[in-house]
There are 4 protein chains.
Amino acid sequence: MNVELKKIDEVSGAGGEKYQRILDAAVEVIAERGYFNSPVSAIAKRAGVADGTIYLYFKSKDDVLRTAIDSTFEKFYRKVVDAFVTLDAPREQLEYIAQVHLESHSVNRSMAVLMQTEMRQSAKFIEEFSHHHLVKYIQMVREVVRRGQEQGIFRKDISDGVVAHCMFGAIDELLSSAVFTGREYDARNTASQVIDVLLNGIAAGK
Amino acid sequence: MNVELKKIDEVSGAGGEKYQRILDAAVEVIAERGYFNSPVSAIAKRAGVADGTIYLYFKSKDDVLRTAIDSTFEKFYRKVVDAFVTLDAPREQLEYIAQVHLESHSVNRSMAVLMQTEMRQSAKFIEEFSHHHLVKYIQMVREVVRRGQEQGIFRKDISDGVVAHCMFGAIDELLSSAVFTGREYDARNTASQVIDVLLNGIAAGK
Amino acid sequence: MNVELKKIDEVSGAGGEKYQRILDAAVEVIAERGYFNSPVSAIAKRAGVADGTIYLYFKSKDDVLRTAIDSTFEKFYRKVVDAFVTLDAPREQLEYIAQVHLESHSVNRSMAVLMQTEMRQSAKFIEEFSHHHLVKYIQMVREVVRRGQEQGIFRKDISDGVVAHCMFGAIDELLSSAVFTGREYDARNTASQVIDVLLNGIAAGK
Amino acid sequence: MNVELKKIDEVSGAGGEKYQRILDAAVEVIAERGYFNSPVSAIAKRAGVADGTIYLYFKSKDDVLRTAIDSTFEKFYRKVVDAFVTLDAPREQLEYIAQVHLESHSVNRSMAVLMQTEMRQSAKFIEEFSHHHLVKYIQMVREVVRRGQEQGIFRKDISDGVVAHCMFGAIDELLSSAVFTGREYDARNTASQVIDVLLNGIAAGK
DNA sequence: CATGAATGAGCGTTCATTCAT
DNA sequence: GATGAATGAACGCTCATTCAT
């Protein structure tokens with residue numbers, strides 16, 4: 001894996017930002033038309049390269065999509081990990097995750113569309129994704145929840161796994177709904193609402 | 001030859017449930033391989049009919065998928081509406097929706113997989129009907145939430161829309177995760193946990 | 001051939017005008033949509049019979065078309081032969097042939113369309129037709145021309161074959177043009193014009 | 001393998017006349033079997049290219065046929081127009097048209113067959129272009145006839161339209177008959193006979 | 001005789017991938 | 001490296017024909 005990342009860097013070194021151009025073009029085109037309705041030729045055209053050139057940088061059409069998703073998730077993961085260095089409180093950590101997750105919409109709208117659609121197009125793909133990326137997300141949240149439980153901030157009679165899935169699912173659905181309806185929202189504010197529900201529930205107080 | 005014909009008759013039982021055999025086969029095959037990786041011929045084979053036979057019952061490949069999803073959701077919707085006749089309390093209503101939603105896994109695992117994948121694709125036809133159904137679900141929950149707010153059971157400072165999406169997303173993700181990891185769960189128990197989180201939050205009490 | 005005609009009569013005897021209904025329906029449908037765009041099922045529907053029924057009366061879809069054309073031409077041929085019994089003069093005979101040929105448009109417009117289109121759709125079919133029917137037409141005209149030459153009415157320095165083909169072609173093209181443009185014409189008057197050109201030419205008289 | 005590649009190169013000569021190879025193959029195959037009985041794969045095979053290659057040069061199967069017919073007629077039309085620059089007399093002009101029309105047989109026998117068959121099919125696209133071309137032919141002749149009438153060479157009591165259709169039909173039928181019976185003829189001589197009939201008629205002089 | 005559900009070969013077309021240049 | 005013409009397998013769908021009823 002490290003090896004592969006290094007190679008990428010080398011390639012994109014010189015004038016080889018063709019690699020990145022192809023990735024971006026793929027995300028855009030696929031977001032607009034769907035994976036199976038996006039011929040490699042359309043991606044190549046958008047990237048401004050010849051069809052065959054794509055195969056100099058990627059093994060297959062599938063590989064382009066996979067790489068784009070992997071790299072997006074990698075960025076998400078790194079951003080969260082970096083912030084955690086100076087962000088200690090479980091509550092704030094959850095809110096930060098929610099916020100970054102929801103921000104993905106505005107950072108790269110095409111990518112957000114793609115993650116809500118193409119990423120889920122086949123059980124096979126999901127199984128892969130579930131194991132590689134989602135699991136990492138869930139782990140992250142579970143650890144935060146467990147730390148909160150240990151600190152007495154969060155209830156101990158609740159499964160951290162269930163909480164983690166609920167949180168991911170809730171945010172993902174809000175994001176998804178915004179993507180499909182074209183609605184805009186304020187990531188910070190929405191994150192705060194979700195965390196409010198998650199922490200305090202909707203039952204009328206006391 | 002007679003033997004073979006007899007066998008077919010046995011299989012097809014009453015009369016025209018080739019229609020149903022095709023639907024079931026489609027759901028199975030598409031759940032396994034994805035819509036675009038499931039040739040009509042594969043569906044036909046699984047259903048034990050000739051390729052052309054599918055077009056006696058459906059207008060197109062699209063139509064098969066659409067019909068399968070429509071009918072599944074219709075069943076879900078009706079089940080909930082029926083139960084609501086004798087189930088009044090907002091809290092119980094939410095729990096019932098969660099439970100039926102989670103039960104879909106055991107009722108028809110392939111359909112559950114399919115709902116987690118194909119229903120979200122970007123193809124134009126999804127926008128048409130995926131949303132048609134999801135919107136109905138969200139509406140249902142929003143109404144329950146609003147009634148709870150009016151009755152003073154639920155907090156009034158929270159958007160019913162956000163709550164509805166959170167609930168759907170949380171449950172759907174739990175379902176999805178179970179589907180893809182092959183985990184089993186008890187629908188009633190899981191539903192109760194999710195509703196607990198949703199109503200009371202995870203923050204340690206007072 | 002006689003045998004086949006007899007059989008047809010027997011079939012159409014009782015309530016078996018299904019045979020004729022199928023022929024008529026085929027001509028109509030094919031005239032409207034073209035042979036290859038006219039499924040047997042469309043012909044059956046128009047005829048008010050089941051698809052399979054057509055195969056009780058005809059060997060194949062091709063056979064229906066062939067039979068319709070054969071029978072139309074047969075009627076034409078008989079009509080001309082009958083009239084010749086009391087119509088002696090070569091000039092009048094030619095004019096009569098032209099008139100009946102041109103009348104086919106009004107007698108059965110669909111059949112006229114079909115003869116101008118589908119009958120010519122493949123070299124194979126034309127070769128058959130050319131040999132079976134057209135040859136008869138040409139022969140008829142050639143004999144009339146030869147008799148006219150013997151009687152000193154027609155020039156002897158002209159090939160009767162060329163004349164016959166010219167006459168058929170000229171009339172057929174007028175008919176065809178009317179069919180395609182939807183124009184109407186008076187068969188008797190048009191026939192008289194064609195024969196005028198054929199007999200007297202268009203050069204200004206001395 | 002090298003041998004085979006070399007052979008292909010030899011065949012394809014200069015550069016991109018795959019385009020022409022496909023057109024020629026299409027004309028041949030369609031002339032033999034008819035448009036609807038000529039799968040694209042058969043045309044590709046005859047042209048020595050892969051099925052998909054055809055779609056690099058043409059939009060559809062329809063487009064191949066349309067292009068072939070258009071270009072053939074365009075050549076015919078240009079040849080006539082060019083000759084008219086130095087060919088003034090109406091009589092000679094008619095004879096020239098007849099001759100070029102009849103020569104088409106020897107220039108490209110397959111194309112001649114195709115023009116006698118596919119050009120007249122009922123498919124909608126024929127109405128679009130078959131008539132587009134035929135109308136041009138008829139117009140050309142009508143103008144010549146009218147000029148002849150103005151010059152007092154041709155009778156004025158005869159419709160130029162009828163004459164034009166008669167001439168086209170007569171020649172086309174002679175061509176067609178020769179094509180389908182496999183007969184050969186001398187274009188110049190046959191043209192002269194047809195024009196003789198058209199101008200002077202077959203009635204015995206005075 | 002008549003039906004029409006069922007078949008499956010065959011079609012036009014697309015597109016991921018290769019490879020000579 | 002970069003190109004893009006060429007390939008051909010694969011697809012969704014149609015429809016002539018059959019045959020159990």
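Every chain is numbered from 1, with letters handed out A, B, ... down the list of sequences. Predicted model, so just to flag it, every value in this text is computed and none were measured.
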Please produce a list of atom pairs where a protein N or O lies less than 3.5 Å from an N or O of nucleotides 8-10 of chain F.
from: F:dG8; atom 1: N7; to: D:Gly52; atom 2: N; distance (Å): 3.4

Figure out the [atom1]/[atom2] separation between [X] and [N], and round it to whole Å.
X: D:Ile43; N: E:dG12; atom1: CD1; atom2: P; answer: 8 Å
X: C:Lys45; N: E:dT3; atom1: NZ; atom2: C1'; answer: 16 Å
X: A:Asn37; N: E:dA16; atom1: CG; atom2: P; answer: 10 Å
X: D:Tyr55; N: F:dC11; atom1: OH; atom2: C1'; answer: 13 Å
X: D:Ile22; N: F:dA5; atom1: CD1; atom2: P; answer: 13 Å
X: D:Arg33; N: E:dG10; atom1: CZ; atom2: P; answer: 12 Å
X: C:Leu56; N: F:dA16; atom1: CG; atom2: P; answer: 17 Å
X: C:Leu65; N: F:dA16; atom1: CG; atom2: C1'; answer: 15 Å

Set of side chain to side chain donor-acceptor pair (under 3.5 Å) partners for A:Asp70, sequence neighbours left out: A:His133

With sequence neighbours excluded, residues passing side chain to side chain donor-acceptor pair (under 3.5 Å) with D:Asn108: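 Side chain to side chain donor-acceptor pair (under 3.5 Å) list for D:Asn108, sorted by chain: empty.
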
The single option from C:Ile69, C:Ile54, C:Ile30 passing side-chain contact (heavy atoms from CB on, under 4.5 Å) against C:Val64: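 In the set C:Ile69, C:Ile54, C:Ile30, the residue that makes a side-chain contact (heavy atoms from CB on, under 4.5 Å) with C:Val64 is C:Ile54.
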
Enumerate donor-acceptor pairs with a distance under 3.5 Å from any side-chain N or O in residues 39-52 of chain B to protein atoms, sequence neighbours excluded.
from: B:Arg46; atom 1: NH1; to: B:Glu28; atom 2: OE1; distance (Å): 2.8
from: B:Arg46; atom 1: NH1; to: B:Glu32; atom 2: OE2; distance (Å): 3.2
from: B:Arg46; atom 1: NH2; to: B:Glu32; atom 2: OE1; distance (Å): 2.9

Duplex segments of DNA chain F, taken as runs of at least three Watson-Crick or G-U pairs that stay under 3.5 Å: E:2-21 with F:2-21

Centroid separation D:Tyr35 to C:Phe36 less than 6.0 Å: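 Not close enough - the centres of the two rings lie 6.0 Å or further apart.
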
Any residue meeting side-chain contact (heavy atoms from CB on, under 4.5 Å) with B:Ala68, in chain and number order, not counting sequence neighbours: B:Leu23, B:Val27

side-chain contact (heavy atoms from CB on, under 4.5 Å) partners of C:Ser60, counting only residues at least two apart: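 With neighbours one apart ignored, the set is C:Asp62, C:Asp63.
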
Short side-chain N/O contact from B:Tyr57 to OP1 or OP2 of E:dA6, under 4.0 Å: yes

OP1 or OP2 of E:dA6 under 4.0 Å from side-chain N/O of B:Lys18: yes

Those residues that, when tested against B:Arg33, pass salt bridge (Lys or Arg N to Asp or Glu O under 4.0 Å) (two or more places apart):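 Listed in chain order: nothing, the list is empty.
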
Whichever of A:Lys61 and B:Gly48 has its nearest DNA chain E nucleotide further upstream toward 5': B:Gly48

Closest-nucleotide 5' rank along DNA chain F - winner of D:Ile54 and C:Ser60: D:Ile54

Least distance between heavy atoms, B:Ser110 atom then B:Ala31 atom: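 Scanning both residues completely, I find the closest heavy atoms to be O-CB, 3.4 Å.
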
